[in-house]
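Presented below is the structure to which this report refers.
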Amino acid sequence: MSGLSGSTSPTPDRQVLVVGGGIGGLATAAFLRRNGLSPVVVTGGNDVSETDRDVVLWNSAVVLLDELDVAADLVASTPAIRWWHVRRDADEVERLTSAHDGQWPCVAVGRAHLRELLRSRLPADSVRLSKTPSRLEGADDDLSVEFDDGVREQFDVVVGADGVRSWVRGARFDTESPAAWGTTSWDVHADGRLGAPETVTELWTTEGLVVSGPPGTTSRLRFVTTALSREDPDPGAAADLLSRTVPPGAFPGGGVDPSALSVVDGRPDYGVRSDRWIAGRVALVGDAARSFPPTVPLDPSLAVEDAYVLADELATPGTSFAALERYAHRRRGRRRALERCVPLADATARGRLDADGLAGLRDRRAALLRSLFAGRVPAMAADVVDRL
Ligand SMILES: Cc1cc2nc3c(=O)[nH]c(=O)nc-3n(C[C@H](O)[C@H](O)[C@H](O)COP(=O)(O)OP(=O)(O)OC[C@H]3O[C@@H](n4cnc5c(N)ncnc54)[C@H](O)[C@@H]3O)c2cc1C
């Protein structure tokens, strides 16, 4: 790992364009910068309007972010998740928790806060806001990118970090578009306390799954269901279903009155399932490359892992083609290992679930979380750092 392990080989002078200024794109640019490259980031958003929803970061990502000197700030300013409850009803609760060497396995961080920290590791003029690519040409020679302002520039490598509806994926991987998981997700406003700040609670019912947290978003729940139309989300129907789904006292720390729940937003959940993350000198990272169902809070951590591995390979001498091949190879093993244990992916695609189906998913979900909580923290990162 030349860029990271102190190799004496010179860092290759690659011109890298990162499309997308979310966690995946900014982490890619920050790791590249740390490895001696000078990437450019363009992002469609203005970086201000996005809501500061919390995302879960597992220690596999936190230990990597530590190399950018942002982990201490993150961990100090956000609560560790100490308790994760998976429950069928108020009586049957599985409580998952464990600390390793005094560290908790995951933290809930504000998405905007993390992006701000990552941006602080980049020169201001390397992040260009409200700029999107409109044309991507070239393959073996330089890649030529035309932007929406008419400017055209040459790059050695283009990284698509532009989320689940990636433009880059559409431009270079045109047969693969996001597919609905079969669920609809609803943001729910709740008047009342939803539990202690370090607690995440999942309530599995025959109508779907209600998740409180992660911590910091204590007035919000997420309601994921297969029982409502994905094409035409109806907030009234969702509110009605939700009030029948959440029993009084379902959430710890005082519970929540079902009549105090109101649906504020609903959307179909899209996922990306692909083994193709590279095409010539174009690579995908984060949600653009692969996403898991919304109830599996692994995607932000995997975006950071992608970023680390890609930046590592691009800092290694050799051709850009070979660097991207090695990147895809290392990440493929990780994704396959996770996919084997991730619930909801196939099951929800089959449509509405019966009670037995949901009970099975809940059990697999609990098993996944149990394994994440039980896993030794450095061992998770070893998957990323060692060559697969
Ligand atoms: C609606 C939603 C809710 C989520 N909720 C949670 C949650 O509660 N908990 C959790 O752990 N994870 C959640 N996630 C997942 C998490 O946000 C992502 O996994 C994580 O942010 C890493 O994503 P990313 O950087 O790959 O993509 P994104 O965060 O989607 O960032 C993509 C970036 O690309 C930019 N962009 C898009 N198109 C273009 C273009 N054509 N040109 C230039 N820039 C472009 C966007 O403006 C954005 O800045 C959610 C994701 C979404 C979409």
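Both ligands and their constituent atoms are indexed starting at 1 by order of listing.
Near A161, with a cut-off below 4.0 Å to any heavy atom, the atoms of ligand 1 are 32 (C), 33 (C), 34 (O). Under a 4.0 Å criterion applied to the non-hydrogen atoms of D299, ligand 1 contributes the atoms 19 (O). Applying the 4.0 Å criterion to heavy atoms of W167 picks out, from ligand 1, the atoms 41 (N).
Closest to atom 39 (C) of ligand 1 by heavy atom, among D162, V211, V41, is D162. Around atom 3 (C) of ligand 1, the closest heavy atom drawn from R222, R115, R290 belongs to R222. Counting heavy atoms only, R111 comes closest to atom 16 (C) of ligand 1 of the residues R267, R111, K131. In this comparison of V109, T43, V272, V55, the heavy atom closest to atom 46 (C) of ligand 1 sits on T43.
With 3.5 Å as the limit, one finds no donor-acceptor pair spanning the side chains of W104 and E198. For the residue pair S320 / R14, a side-chain donor-acceptor distance below 3.5 Å is found, with atom types taken as modelled.
Residues E153 and S144 have side chains not in contact (no heavy-atom distance under 4.5 Å, counting atoms from C-beta outward).
Taking both residues in full, the closest heavy atoms of L310 and T28 are given as CD2-CG2, 4.2 Å, listed atom of the first, atom of the second, then distance.
Taking distance alone, with nitrogen or oxygen atoms compared against 3.5 Å, A303 stays at or beyond that limit from ligand 1. Ligand 1 has no nitrogen or oxygen under 3.5 angstrom from a nitrogen or oxygen of A288.
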Evaluate the side chain to side chain donor-acceptor pair (under 3.5 Å) criterion for residues S291 and D287: first the C-alpha distance (whole Å), next the side-chain angles of each, then the deciding distance (0.1 Å), finally the verdict. CA-CA 5 Å; S291 64; D287 289 6; 5.8 Å; no
